[in-house]
Every structure is written in C-alpha cells, then in structure tokens.
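A short write-up of the structure that comes next.
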Amino acid sequence: MTSSQAIANRYDYKTIESKWQKLWTDTNKYTSDEDSSKEKYYVLEMFPYPSGRIHMGHVRNYSIGDVVARYKRMRGFNVLHPMGWDAFGLPAENAAQKNNLHPATWTYDNIDYMRNQLQQLGLSYDWRREIATCNEKYYKWEQILFLEMYEKGIIYQKTTTVNWCDSCQTVLANEQVIDGLCWRCDQAIHPRKMNGWFFKITDYAEELLADLDKLSGWPEKVVTMQRNWIGKSQGLAADFKVEGMDKNISIFTTRPDTIFGVTFMSIAPEHPIVDELIGGTEHEQDIRKFIDEILAEKQQQSPEDEQVKKGIFTGKYCINPYNGEKVPVYIANFVLIEYGTGAVMAVPAHDERDFEFAKTYDLPIRPVVIPEGVELESDTMEEASTVAGILTNSGEFNGLTSEEAKNAIIQFAEDNNFGKPHITYRLRDWGISRQRYWGAPIPMIHCDSCGVQPVPVKDLPVTLPADNDESGATCRPLHQRDSFIAVTCPSCGKDAKRETDTMDTFVESSWYFARYTCPAFTDAPLDKEKASHWLPVDQYIGGVEHAILHLLYSRFFTKVLRDLGYLNVDEPFTNLLTQGMVIKDGAKMSKSKGNVVDPHDLITEYGADTVRLFSLFAAPPEKDLEWNAQGVEGCSRFLNRVFRFINARPELSKAPVLPAELNQAGRELHRKTHQTIKRVTENIENNFHFNTAISGCMELFNSMTSLSDPDKKEQAEDGTIFEAASSLLILLSPMVPHFCAELWESLGNTDSIEDHAWPQFDAEAAKEDLLTIVVQVKGKVRSRLEVPADTSDDEIKALALADSNVLRFIEGQTVKKTIVVKKKLVNIVV
Ligand code: ANZ
Ligand code: ZN
C-alpha cells in the first residue's frame with residue numbers, strides 16, 4: 001500500500017463531518033414546506049432548556065429523533081423536523097445574578113453555543129423554523145392566546161394557599177412539589193396565601209380522560225400515569241344535617257353501599273364549617289391549637305407520606321339521613337380540603353384510614369358489606385374489609401350486592417332531596433402565576449376604578465424591561481420594578497398598575513410544537529392552514545420525566561387551541577416514545593452526581609457519527625443506557641473497519657450491478673444482504689429497536705469480509721459485494737449520516753444517499769437454500785426431507801421422527817437412538 005493510499009484509507013471524521021454538514025446547510029437539505037405530493041410526517045424531540053452545553057441525554061434523544069426523521073425521508077415522506085429552545089426559566093436568572101449578566105445575554109449565548117453543538121452532531125433539522133420561547137416574537141402570541149383564553153373564561157384569578165419556594169422565590173404548581181420539596185432546587189416548600197392566575201384545565205378533565213383511549217401509540221404506562229393524574233372518581237354527594245344547627249355537612253363517597261356503617265364524620269382542618277362548629281364553645285382554644293399543629297405537620301410532609309391518623313372531636317354531631325343516627329364530627333388530619341367536599345362519612349369497617357382512626361379514638365366499627373364466604377364481627381376485625389359484598393344492617397337495602405346498593409342508595413338520596421350522583425377529579429386547575437423576571441409577562445392591568453383590564457392587543461407584546469433595573473441589579477422580579485409597573489388604564493386613562501406575574505414556563509412548551517408549523521406567521525398565534533397540514537405530531541420523543549405535566553398541558557392546550565379555532569385536531573402527539581435515561585456507575589448522569597461524560601469531548605475524540613452510533617447501539621431507546629467506554633471504542637472500530645474495507649476496493653465502483661449468475665459465496669452474501677434489509681426495516685418500523693438493527697448491519701459486514709476473503713477458495717463477485725456495501729450504507733445512513741454519505745460517494749454513486757430510496761427487500765433472495773436430508777431407519781433409506789440450510793440438528797431430528805414414511809417403519813418399536821450427520825443424513829436406531 002502506498003502512503004497516499006494509507007491516508008485515503010484513514011477515517012478522517014473531522015474533515016468528512018464538516019464537509020457534509022456544510023453541504024447540507026448550503027443546499028437547505030432538511031428544510032421542508034407543505035408539499036402535497038408526499039405524505040407528511042412530523043417528528044419532534046422535546047426541545048432543550050438552553051443550560052449551556054448539551055449532555056448525553058440530549059445526544060441520545062436527538063439521535064433517536066434524527067434516525068426517525070432521516071428514515072422517514074428515505075421512505076418518501078415529507079418530513080418536518082424542527083428544533084428550538086425552551087428558553088425562559090429560573091436558571092437564567094440565577095446564572096445571570098452570579099455572573100452579573102443579563103439573563104437574555106446568558107440565554108442567547110447558550111443558545112448559540114448549543115445550536116453549534118447540535119449542528120456538529122449532523123442532526124437533520126429545518127433550522128429556519130427555530131424558536132426561542134424567550135423571544136418576544138414567540139411570547140407575543142402566547143400573550144394573545146392568554147387574552148383569548150381569558151375572554152373565553154378559561155382563565156381566572158383567585159387567592160389560594162400556594163406552594164412557595166423560598167430559595168427560588170416563586171410559587172410552584174402542586175405537580176412541581178415532589179415529596180414536599182421543590183422540583184428544581186430540592187428545598188422545602190412553605191404554604192403562602194397569594195392571588196394568582198389559573199387555567200381551567202378541569203373544564204377539560206373529562207375530555208382529557210376520554211381521549212386517552214385514542215392514544216394507542218403511547219406507552220401504556222404513560223397513559224396510566226395520565227389517567228391516575230386526572231383521577232376520576234364517581235359516587236354520591238350527600239348532606240348530613242348538623243344536630244341542633246341549621247347547617248349541613250356535605251360528604252363525597254365512592255362507597256354509598258357502606259352508608260349504614262357510618263359511625264362518625266371526618267372533616268378537613270381547613271373546612272369552612274369549623275368556625276361555626278367550634279366558635280364560642282369551651283373547647284375552642286384547644287381545638288384551634290390542635291388544628292394549627294396538624295396544619296404545621298402537613299406542611300412538613302408530602303401527600304404520599306404515610307402519616308399517623310390524628311383528629312379531635314368538635315363536640316358536635318350530625319345525622320345520617322339514611323337511618324337518622326347521630327354520629328360525632330371529628331376534625332381529622334387525613335381529610336384533604338381540596339378533594340371532594342372536604343368532608344368524609346367515616347366507615348371504619350370498610351375503609352382502612354377510618355379503621356385506624358376508629359381504633360385510635362375508640363369509635364364503633366360496624367360491618368355492613370359482607371363479602372361472600374366471610375364473617376365480619378366488629379370485635380374481631382383486624383383490618384377494614386374493603387371489597388364488595390352483600391349488604392347487611394342496612395335497613396331496606398339488606399340483601400343487595402354492593403353494585404346494586406350503590407345505585408339504589410344514590411337514587412334514595414335523589415328522591416329525598418339530600419344528595420345526588422357526583423364525580424370528582426384529582427386534577428386541579430393549573431396555577432400559572434410566577435413572581436419572576438425571566439418569563440412571559442401576563443398581559444393584564446389592575447385599575448383601582450375599573451378592576452382587572454386586559455392589555456389592548458395593539459399594545460402587545462408586553463415586553464420584559466430589557467436593561468438592568470434602577471439599582472443596577474440584573475433581573476429583579478417584575479414586582480420590584482416601578483417603571484415596568486406604571487401604566488395608564490386602557491379603559492379610563494387613570495394611573496394603573498401592570499400585572500407583575502410571569503407565566504409558568506410550562507405554558508411555552510404547551511404549544512411550541514404547533515408554532516413550529518408557522519414560526520414566522522405575523523397575523524395570529526397560528527396559521528390554521530399550515531398547522532392543520534402538519535399536526536398532529538406523528539412521532540414525539542422525549543424523557544419519561546415529562547410523562548405527566550408537559551404532556552397533559554400540551555394536550556390541554558391543543559384542545560383549547562382547537563376551541564379557539566386555530567387547530568383541527570384533538571390530540572397533539574399520535575405516537576410517543578419515552579426514552580430511558582443515560583446512566584453511569586449506576587446513577588443518572590448529572591452534574592450533581594459528578595458522573596457526566598461531555599459529548600463534546602467524545603465528538604472531538606471519535607467524531608459525531610461514532611457518538612451517535614454508540615448512543616443508538618448501547619440500548620433500545622425506551623431502556624436506560626448504561627455508559628461504557630468500551631462501547632464507544634467498539635463503535636469506532638466498526639466504522640473504521642467499514643471505512644477501510646470500502647476504500648480498499650476501488651474496483652467496486654466499476655461493478656454496480658449484480659451479476660446474472662452468482663457463485664456460492666455470492667449467493668450467500670446476496671442472501672445475507674436481503675435478510676439484513678428485512679431485519680433492519682422491521683426493527684425500525686416495529687419499535688425503533690436501532691440497537692438490533694445495528695447488530696444486523698454488523699453481521700452483514702462480517703459476511704462481507706469473510707465472503708470476500710482472498711485467502712478463501714471462492715469470493716463473492718464484485719457486483720454482489722457492491723450490493724452488500726451499498727445496502728449497508730443506506731441502512732446505516734440514518735444513524736451515521738456523514739460516514740455513509742462519504743462512502744456512498746467513494747462507491748462511485750452520483751446521487752446523494754440522503755435522497756436515496758430505502759432498499760427493497762427481495763424475499764426470494766433472502767430465502768435460505770434447501771438441503772435434502774436422507775432419513776434411514778436401521779440403515780435403510782426410508783424418506784427424504786427438504787429443509788432450509790440453517791435448520792438446527794434438533795429441528796431436523798424432530799422433523800425426521802414426525803415424517804409419515806418414517807413413522808410407518810418405527811411404529812410399535814422404541815427409538816433407541818437418533819443420529820444426525822450434519823446437513824446430510826438422519827439415522828434412526830430402533
Ligand atoms: C366512605 C367510604 C367508605 C369511602 C369506604 C371509602 C371506603 P377516591 O376513590 O380516591 O376518589 N374521601 C372523600 N373526600 C376526601 C377528602 N377530601 N380527603 C380524604 N378522603 C376523602 O376516594 C374516595 C373516598 O375517599 C371517599 O369514599 C371518601 O371515603 C374518601 F368503605 O366514603 B369514602
Ligand atoms: Zn380604569
């Protein structure tokens with residue numbers, strides 16, 4: 001080999017990758033428009049927060065998405081594959097404060113850096129559609145949507161006790177509180193009373209639930225998580241009169257069949273009736289002290305924590321409307337004010353919490369629903385019996401099954417005007433107010449004379465004050481900036497005040513996927529025609545950590561946008577792939593764990609294609625990916641070998657057709673090629689199992705080397721090797737695009753591989769050769785079997801013993817031994 005050949009044979013990924021990236025950019029290779037001649041395919045990966053640098057999780061997410069995009073392009077789809085930045089949020093403020101920079105400077109610098117990193121990975125995005133949510137060209141439309149939603153009554157203001165994070169100086173949605181801690185900074189959350197803006201997501205609870213049935217392209221576990229989050233419960237709401245007062249306590253129960261087993265009543269410590277029940281009584285002070293205690297305890301712990309059941313008697317009784325019985329009213333720490341009616345009819349015989357409470361406070365336990373074949377005695381019960389059964393001790397309802405009794409008991413309440421069927425959801429309205437600087441301002445004005453007024457559309461966007469504030473400090477929250485606050489009332493012209501809350505950043509990510517379809521549209525939030533063309537997203541890909549909130553909010557927004565007339569779809573994402581985490585040494589790769597591998601270093605050392613290949617090869621997409629350095633080495637070695645193989649055979653480019661007659665080696669390679677096409681196509685189509693697709697490609701390459709080995713008696717023809725090599729490149733090109741484009745050119749092709757059609761699988765070619773196996777019984781030939789060449793000895797043995805000719809000769813005798821001579825003969829000894 002001459003030295004110039006040696007250079008040509010070196011896999012110089014740096015030169016190759018920048019060459020192809022430049023070409024793709026210069027020729028706008030991956031831009032897409034509404035093109036009616038091809039079927040559309042919208043593939044989207046969750047957009048990143050511009051934190052500074054991309055990490056391995058991004059590489060994985062975006063490599064998966066890129067394979068899908070490139071594959072679908074080659075299959076003839078008109079692919080939309082955009083990228084952008086979820087660019088508002090607290091880290092920008094923190095970083096800005098630390099470095100005395102404006103959050104915008106910090107954010108846009110990061111975006112530039114990370115965009116460059118993504119481009120280095122050779123991802124096939126239509127960069128013309130890039131969105132940064134912190135740009136007023138984006139949030140202006142969000143403000144308009146806000147006003148339209150306000151107009152429609154989907155937004156309202158209320159004072160609530162909110163989750164306040166001291167360290168982030170902000171309110172968190174319930175969903176952002178994890179085990180009593182802030183999801184972002186892991187600090188304890190405190191309750192605080194505040195006025196805030198809410199989206200009425202609960203108006204859509206029923207549809208959000210029902211439409212889960214349409215999401216057959218989502219992982220079952222994500223659908224279940226959404227269903228549980230919405231948490232629909234059906235039952236009875238009924239009024240219990242308070243004895244001696246003209247007052248009712250309304251309860252919600254999912255077990256009306258247990259209503260004759262009620263032995264006390266539990267209400268939430270925050271229940272509004274508490275004041276009336278205990279006000280002016282001799283125990284008032286003690287009870288108030290107790291309430292303060294349990295409320296304080298509640299703050300310390302998360303709703304999931306197992307808590308000791310505690311309560312206190314109010315001194316009052318209420319009347320069970322079914323049997324006229326009087327039962328004591330307790331304040332109990334496990335009754336939630338925000339669920340149902342904030343009051344529970346307690347049935348200790350059939351509810352675990354009530355059972356525990358009754359044991360602690362020595363309250364009666366009365367079984368009324370008896371499961372088949374079970375005896376329940378109040379004195380001997382060791383736990384609540386929570387299953388259905390036959391009613392007893394239940395007056396006119398005795399003898400009914402739980403199911404029958406539920407209906408009859410609800411009907412009774414309706415007939416007697418003290419109750420009705422009731423549905424409750426766990427889902428709460430979405431509080432979107434944040435007291436921040438780096439977020440989209442809520443476009444409202446507070447006027448002392450006129451009340452709350454929307455900012456007139458002509459005055460939008462309400463932009464963030466760009467410069468540092470009066471004190472020179474960067475990014476002080478809006479409520480500390482007088483010049484931002486001062487405004488005149490659009491209705492009466494008097495001095496008024498701007499709303500200083502910004503929107504939860506989850507708002508931006510709830511509709512960005514729709515704005516990608518028309519990122520430059522200047523007439524409205526969405527261009528209905530374009531949005532209808534592209535939506536829904538055919539394949540959405542992202543981390544399972546977003547399985548609840550982001551997806552639920554996006555689904556909600558899609559329905560709202562539909563109702564506002566912007567969209568004609570009910571659901572945003574037809575198929576969802578939730579990728580696993582990237583882990584190292586048993587823990588999720590993260591800065592805080594100090595186990596981060598920087599993709600930048602890997603790209604420098606091995607090239608983007610190797611990094612992509614590794615992240616696709618190391619695990620199927622939905623599983624966690626365990627980092628391992630040898631894996632990267634192995635991928636690098638594989639690409640180098642393929643590179644050398646093709647470059648060492650310039651003669652291949654002169655034989656781009658399959659010979660008419662193939663020799664034995666040629667037939668074998670031709671067969672392997674088509675088996676691989678089938679396998680890779682199926683792996684991608686069925687479940688995106690790129691790891692097995694890549695193994696298939698590796699096997700094909702091994703066949704290519706061994707069947708062209710000059711030391712062997714016979715080598716496959718150049719035309720056959722050409723077919724194998726070009727198929728290999730096409731199959732690998734969605735995964736390692738620069739590499740394949742380069743070698744495709746080396747093979748003498750003049751078209752570009754990205755535009756090449758996906759190879760056709762030839763079933764005839766993929767068939768294994770048939771072998772004829774002779775079957776002998778006691779040394780005499782009795783039958784012949786035709787089997788594919790790859791049939792195992794055990795299978796051949798079984799086929800021989802089941803053959804009808806053979807059976808005639810071994811009938812009634814015992815088979816002592818069956819000997820298989822490889823690929824030739826079976827001998828049965830009886
Ligand atoms: C009586 C009863 C008897 C109940 C029984 C259960 C079993 P899900 O299914 O989760 O919706 N409940 C109602 N409101 C509550 C609140 N604000 N805080 C705590 N618990 C509350 O749960 C509904 C059941 O949870 C209701 O049915 C009620 O207890 C309780 F054998 O009523 B049940
Ligand atoms: Zn006014």
Side-chain angles (χ1 to χ4, degrees), residues 161 174 202 205 209 227-240 249-274 294-295 298 301-311 318 320-323 325 327 329-359 363-371 374 376 378 381 383-394 397 401-403 405-406 409-410 413 419 421-428:
T161 307
N174 282 345
T202 51
L209 190 67
R227 183 168 286 122
N228 293 342
W229 191 263
I230 298 167
K232 179 178 180 173
S233 288
Q234 306 195 58
L236 165 73
D239 291 337
F240 281 47
I249 296 178
S250 174
I251 58 95
F252 168 67
T253 178
T254 49
R255 290 291 307 273
D257 54 321
T258 65
I259 205 149
F260 285 78
V262 173
T263 58
F264 59 102
M265 171 77 81
S266 311
I267 63 175
E270 306 95 327
H271 198 292
I273 204 167
V274 166
I294 55 179
L295 287 179
K298 210 163 129 182
Q301 56 189 178
S302 77
E304 293 88 49
D305 284 351
E306 184 65 42
Q307 76 200 132
V308 181
K309 309 282 172 294
K310 273 194 214 171
C318 62
N320 184 338
Y322 285 84
N323 55 11
E325 219 173 86
V327 293
V329 180
Y330 277 73
I331 292 166
N333 65 342
F334 60 89
V335 180
L336 310 171
I337 186 63
E338 57 295 336
Y339 191 65
T341 56
V344 177
M345 60 176 223
V347 187
H350 303 296
D351 180 272
E352 281 161 20
R353 291 169 303 182
D354 298 343
F355 187 87
E356 195 186 323
F357 195 91
K359 284 282 173 199
L363 293 157
I365 296 169
R366 185 197 307 149
V368 292
V369 175
I370 314 299
V374 173
L376 292 180
S378 51
M381 283 178 81
E383 56 180 4
S385 162
T386 57
V387 292
I390 304 292
L391 268 68
T392 176
N393 283 328
S394 298
F397 304 101
T401 65
S402 286
E403 222 32 60
K406 278 182 187 172
I409 285 173
I410 293 175
H422 187 72
I423 293 175
T424 283
Y425 300 91
R426 214 156 280 280
L427 184 68
R428 302 266 79 89

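Start at 1 and go down the list; that is how both ligands and their atoms are numbered.
Across every non-hydrogen atom of Trp229 and Arg426, the tightest pair is O-CB, 3.7 Å. Closest heavy-atom contact between Leu236 and Pro256: CB-CG, 3.9 Å. Across Pro367 and Asn393, no two heavy atoms sit closer than the pair O-ND2, 3.4 Å. Listed here is the closest heavy atom pair of Gly231 and Tyr339: O-OH, 4.5 Å.
Across the listed options Phe334, Tyr425, Phe252, Tyr339, Phe252 owns the non-hydrogen atom lying nearest to atom 26 (C) of ligand 1.
Atoms OG1 and CD1, from Thr401 and Ile390 in turn, are 6.0 Å apart once rounded to the nearest 0.5 Å. Rounded to the nearest 0.5 angstrom, Arg366 CZ and Met381 CE are separated by 13.0 Å.
The nearest protein atom to atom 3 (C) of ligand 1, hydrogens excluded, is given as Thr258 OG1, 3.3 Å; this is a heavy-atom distance. Considering only non-hydrogen protein atoms, atom 31 (F) of ligand 1 sits nearest to His350 O, 2.9 Å. The protein heavy-atom contact nearest to atom 17 (N) of ligand 1 is Leu336 O, 2.6 Å. In terms of protein heavy-atom proximity, atom 32 (O) of ligand 1 is closest to Thr253 OG1, 2.7 Å. From the protein, the heavy atom lying nearest to atom 30 (C) of ligand 1 is Arg353 NH2, 3.5 Å. If you check which protein heavy atom lies closest to atom 8 (P) of ligand 1, you get Ser233 OG, 3.4 Å. Counting protein heavy atoms only, atom 29 (O) of ligand 1 is closest to Val344 CG1, 3.6 Å.
For the ligand labelled ligand 1, residue Glu338 lies outside the 4.0 Å heavy-atom shell.
Taking distance alone, with nitrogen or oxygen atoms compared against 3.5 Å, Asp354 stays at or beyond that limit from ligand 1. Any N or O atom pair closer than 3.5 Å counts here, and Asp351 shares no such pair with ligand 1.
Here Thr254 has heavy atoms under 4.0 Å from ligand 1 in both its backbone and its side chain.
Using a distance-only test at 3.5 Å, with no hydrogens or angles considered, a donor-acceptor pair links the side chain of Arg428 to the main chain of Glu338.
In this structure, the salt bridge (Lys or Arg N to Asp or Glu O under 4.0 Å) partners of Asp351, at least two apart in sequence or on a different chain, are Arg353.
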